[in-house]
Amino acid sequence: MTDTPDRMIRIKSVLARTGLSRSTMYRKMQNGTFPSSIKISERCAGWRESAINEWLRNPIFYHIDDHENSASAG
């Protein structure tokens, strides 16, 4: 395990990194094929940078259930 905390990134950065449109990203989140956002404050959400990087490594076969189970096991 590393000592560096997982950075939170905002939607503009997520969209720029992935090349997805906002509507496609949210549709993929509903399908479980894109990392879920995390509520930062009442009107603010972000994504774990590590989750986005994992999705970028293999976007076609990414499924949230696979990654949540491996994250909770560690």
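Just so you know, these numbers come straight off a predicted model, no measurement behind them.
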Worksheet item: Does the pair M29 and W47 meet the rule for a side-chain contact (heavy atoms from CB on, under 4.5 Å), with working shown?
Response: CA-CA 11 Å; M29 284 173 58; W47 285 258; 3.9 Å; yes
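In this structure, I40 is not a member of the same hydrophobic cluster as I9, with clusters built from ILVMFWY side-chain heavy atoms closer than 4.5 Å.
For the side-chain contact (heavy atoms from CB on, under 4.5 Å) test, residues two or more places apart in sequence or in another chain that qualify with N31 are R27, T33. Annotation: side-chain contact (heavy atoms from CB on, under 4.5 Å) contacts of I38 (sequence neighbours excluded): M8, R48. By the salt bridge (Lys or Arg N to Asp or Glu O under 4.0 Å) test, R22 is found to be paired with no residue, residues two or more places apart in sequence or in another chain being considered. For T18, the side-chain contact (heavy atoms from CB on, under 4.5 Å) partners at least two apart in sequence or on another chain are V14, L20, F34, I52, W55, L56. Residues passing the side-chain contact (heavy atoms from CB on, under 4.5 Å) test with S41 are C44, sequence neighbours excluded. With sequence neighbours left out, R43 forms a salt bridge (Lys or Arg N to Asp or Glu O under 4.0 Å) with no residue at all.
A51 and P35 get closest at one heavy-atom pair: O-CG, 3.4 Å.
In this structure the side chain of E54 never reaches within 4.5 angstrom of the side chain of E49, judged on heavy atoms.
To the nearest 0.5 Å, atom NE2 of residue H63 and atom NZ of residue K28 are 10.5 Å apart. In this structure, OG on S36 lies 10.5 Å from CD on Q30, to the nearest 0.5 angstrom.
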